[in-house]
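Written below as structure tokens is the structure these notes are about.
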Amino acid sequence: MSSVSPIQIPSRLPLLLTHEGVLLPGSTMRTSVDTVRNLQLVRSRLLKGTSLQSTILGVIPNTPDPASDTQDLPPLHRIGTAALAVQVVGSNWPKPHYTLLITGLCRFQIIQVLKEKPYPVAEVEQLDRLEEFPNTCKTREELGELSEQFYRYAVQLVEMLDMSVPAVAKLRRLLDSLPREALPDILTSIIRTSNKEKLQILDAVSLEERFKMTIPLLVRQIEGLKLLQKTRKPKQDDDKRVIAIRPIRRITHIPGTLEDEDEDEDNDDIVMLEKKIRTSSMPEQAHKVCVKEIKRLKKMPQSMPEYALTRNYLELMVELPWNKSTTDHLDIRAARILLDNDHYAMEKLKKRVLEYLAVRQLKNNLKGPILCFVGPPGVGKTSVGRSVAKTLGREFHRIALGGVCDQSDIRGHRRTYVGSMPGRIINGLKTVGVNNPVFLLDEVDKLGKSLQGDPAAALLEVLDPEQNHNFTDHYLNVAFDLSQVLFIATANTTATIPPALLDRMEIIQVPGYTQEEKVEIAHRHLIPKQLEQHGLTPQQIQIPQVTTLAIITRYTREAGVRSLDRRFGAVCRAVAVKVAEGQHKEARLGRSDVTEGEGCREHVLEDAKPESISDTADLALPPEMPILIDFHALKDILGPPLYEMEVSERLNQPGVAIGLAWTPLGGKIMFVEASRMDGEGQLTLTGQLGDIMKESAHLAISWLRSNAKKYHLTNAFGSFDLLDNTDIHLHFPAGAVTKDGPSAGVTIVTCLASLFSGRLVRSDVAMTGEITLRGLVLPVGGIKDKVLAAHRAGLKQVIIPQRNEKDLEEIPSNVRQDLNFVPASCLDEVLNAAFDGGFAAKARPGLIDSKL
């Protein structure tokens, strides 16, 4: 029997205060030092000391070090651990601190604190000794039955683990080589225990007491491993991982009870995830990928960053609706009623939806159409997409594409990137939970382009019926079938949509509303909505159709109804004030009867001047209900009219004509003004015109110069050369707005013809059309929007190209009845229709036949 002299610790030890973990004799721990007293201890003792004794510290658990050295020391834990500082690593980020690697030697008890600054030093008494006991029969006999029982449980625990793991094999050797007295402390620091339980072991000075407290911890760990093995598959080779054990020198943090429960929940979640993968109906390719990833996840420590990425990926794969879909409502009659109730007009759009329902009845596996609603803002493109989903009985999801400039928003990020996520298409499918929803791609004409790629190019695969059945998101990296999704895109114009993307969509024009349609929409939808939002009832306010028409014509100038909706909101707020004031006065007057002549009325008959809604002449009594909104009340609420009919007064001199223009906001009337002055034959164009419109102006002056004799057009000096010593200035008002396009050609010709002939153009005539040098009138686009703009402006006659006559079928019948259309194939017909009495050419003298 050989013995080794015991290791004796100094009687005075510097104290290292910790609150993150508990260091037991025989174990190793890393701890961070960043407080004032602990930093002084490391700098003064560890870094400057040269002897072995200077590396021995007293580690006090469960005692936080005060942040400032001016604060008093907190109560110290009675029992501590003498430790040997093995390694010191310093760093300045994010703040100065040291990381210590310390090994526990033995227990000690604090007798007296000798000093507190710059770091605490205490007089200590050693409670046990770190000695090497020979592994002999006599030693085992002294330990008794308690030691043997502890040893059997320790061996059973280790043998339940995978012996191929180096840490497990080393622990098995330690059980046979280390003295039994050291095993309770070492195993307690390795198995899953809370800080509270470790403190109890540290405070157990008696070896017998230490064994009794450690054995239940081993039993609990063994039972946990048995339960975990039962829930797993029979394949034990892969499952015998180090789950409950950590290598002695790799303790980065001390787990607590709450963390243990979280890890158990994570293991249960993985089992549930694996079960969902087995029972899911995903395609074979996706299933193989999931099985491969779940195997990798089982072998992966939870501390690895890739663990969370892989788990999130598998959860997404399980949640995606690979084969889950909703049943379409194919009742065409009910669908027609629902669409008519939700939206007024839009006949072409409703017809297309009903056609899809009809074909869907005949063929179940019909691919989802890809529609694109193009029209000005406020006409209901987005809301009608929601109504389509409601009609079909499908889920609805809106994807806003305005300003998107990264193709990863569509296709997703690859999983190699930090913070990677799937694209908006896959995210939308996860949100709705079915594979046949209605996807609304809003503002597809406002996609951007940047160094991160072109999202419009990424949409080519999504919106191609021949390709989207095999859509591959970069995040998923497996194909997903989008052929059952009904894609509806919205745009204000097709000019900014790439041709390749435009070719994949079925364009449905959604034009602006006529005044009659706006009146119907207001009384069917807008006014009831505003009344509900403002807490009013039809018994409290009445808005006649005459008032609605006045708001449309005098206070709004738009193709949609958004401004109109805001105007109704302003009217309702004003009425709400009067109603609230009336209720307050009613309560104050004790609901006494009020005579009719003393009431404060809010409207007056047409032959009498009405009282202003803001009139405060008689505030004694509440207003009579309902409050009628007439034009005078409208003026009090909304102020003076914003728009007036100014067509007739603008055409009071030669050289002015009215044209029609198309904008993304709908059609609008456009004035063209011309003047001439002495000069050198220059043509000046103003009004922020584009190149095409400038070319139209040059075409117009060239045609008039070549036909000046025919129409007897002269300049101020009586010359048929219209530019001889004459400058011409063409101006298009609203100079802040960019204007371009060929459709102003006939308007420019008419304006210049009026200028050189001295005749006035008819004030009720507007025109549109492209011209050529031969005097032909070519067709243009946007006829319906332009005609609606002329109708809103109160014009009576519209000159259009003859080849655009077919577009008049799209115009409502009541608008066609109010307007007189003049189809023109040449400029002669345009000029004859634009001037009162026509614009006849000068008769040419008869030719004399030669007798020679």
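In what follows, residues are counted from 1 in the order of the sequence shown.
- Between Arg210 and Asp185 there is a salt bridge, since a side-chain N of the basic residue sits under 4.0 Å from a carboxylate O of the acidic one.
- When Ile399, Asp473, Asn468 are each tested for a side chain to side chain contact (heavy atoms under 4.5 Å, CB included) with Ile425, only one passes: Ile399.
- Remark: Leu127 CG to Arg78 CZ distance equals 7.5 Å, nearest 0.5 Å.
- In this structure, the salt bridge (charged side-chain N to carboxylate O under 4.0 Å, His left out) partners of Lys95, at least two apart in sequence or on a different chain, are Asp34.
- Summarising the geometry of Ser32 relative to Glu20, their closest heavy-atom pair is N-OE1, 4.4 Å, with the distance given to 0.1 Å.
- Contacts of Lys196 classified as salt bridge (charged side-chain N to carboxylate O under 4.0 Å, His left out), with partners at least two apart in sequence or in another chain: none.
- Counting non-hydrogen atoms of other residues, nucleotides and ligands closer than 6.0 Å to CD of Glu208 gives a total of 12 or fewer.
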Would you sort out whether Val86 and Thr28 count as a side-chain contact (heavy atoms from CB on, under 4.5 Å), showing the intermediate values?
-> CA-CA 9 Å; Val86 179; Thr28 303; 5.9 Å; no
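- In this view, Asp409 and Arg424 satisfy the salt bridge (charged side-chain N to carboxylate O under 4.0 Å, His left out) rule, not counting sequence neighbours.
- With values rounded to the nearest 0.5 angstrom, Asn62 atom CG is found 8.0 Å from Asn195 atom CG.
- Of the possible polar contacts, none joining the Arg220 side chain to the Thr193 backbone as a donor-acceptor pair under 3.5 Å is found.
- Remark: side-chain polar atoms of Thr63 are paired, donor with acceptor, to backbone N or O of Pro61 under 3.5 angstrom.
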Before giving the answer on side-chain contact (heavy atoms from CB on, under 4.5 Å), spell out for Leu76 and Leu17 the whole-Å C-alpha distance, their side-chain angles and the decisive distance to 0.1 Å.
-> CA-CA 9 Å; Leu76 303 180; Leu17 308 183; 3.8 Å; yes
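- When the ring-ring contact (aromatic ring centres under 6.0 Å, His included) test is applied to Phe150, the partners found at least two apart in sequence or on another chain are Phe211.
- Side-chain N or O atoms of Glu461 include none that pairs as donor or acceptor with a backbone N or O of Gln467 at under 3.5 Å.
- Considering only residues two or more places apart in sequence or on other chains, Glu306 meets the salt bridge (charged side-chain N to carboxylate O under 4.0 Å, His left out) condition with Arg296.
- Atom CZ of Phe108 has more than 12 neighbouring heavy atoms from other residues, nucleotides or ligands inside a 6.0 Å radius.
- Between the Thr81 side chain and the Leu105 main chain, no donor and acceptor come within less than 3.5 Å of each other.
- A cation-pi contact, defined as under 6.0 Å to the ring centre and within 45° of the axis, is absent between Arg45 and Tyr119.
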Just do the side-chain contact (heavy atoms from CB on, under 4.5 Å) check on Leu171 and Leu161 with the steps written out, would you?
-> CA-CA 11 Å; Leu171 179 60; Leu161 305 176; 5.7 Å; no
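- Proximity of a side-chain donor or acceptor of Ser450 to a complementary backbone N or O of Cys405 within less than 3.5 Å is detected.
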Could you go step by step and tell me if Leu157 and Tyr153 meet the side-chain contact (heavy atoms from CB on, under 4.5 Å) rule?
-> CA-CA 6 Å; Leu157 174 64; Tyr153 282 126; over 6 Å; no
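- For Phe439 and His397, the gap between ring centers is short of 6.0 Å.
- Of the possible polar contacts, one joining the Arg37 side chain to the Glu116 backbone as a donor-acceptor pair under 3.5 Å is found.
- Here the CG-OG1 distance, from Leu217 to Thr188, works out to 6.0 Å after rounding to the nearest 0.5 Å.
- Under the salt bridge (Lys or Arg N to Asp or Glu O under 4.0 Å) test applied with Glu293, the options Lys299, Lys288, Arg415 reduce to a single match, Arg415.
- Between the side chain of Asn436 and the backbone N or O of Ser325, no donor-acceptor pair lies under 3.5 Å.
- Residues meeting the side chain to side chain donor-acceptor pair (under 3.5 Å) test with Thr99, sequence neighbours left out: none.
- Of all the heavy atoms in Trp322 and Pro283, the pair that sits closest is CE3-CD, 3.4 Å.
- With rounding to the nearest 0.5 Å, the separation of CG in Leu57 from CG in Leu13 is 8.0 Å.
- Between the side chain of Thr431 and the backbone N or O of Asn427 there is at least one donor-acceptor pair closer than 3.5 Å.
- Side-chain atoms of Arg107 do not come within 3.5 Å of backbone N or O of Pro25 as any donor-acceptor pair.
- Residue Cys106 comes nearest to Gln126 through the heavy atom pair SG-NE2, 3.7 Å, listed as atom of the first residue, atom of the second, then distance.
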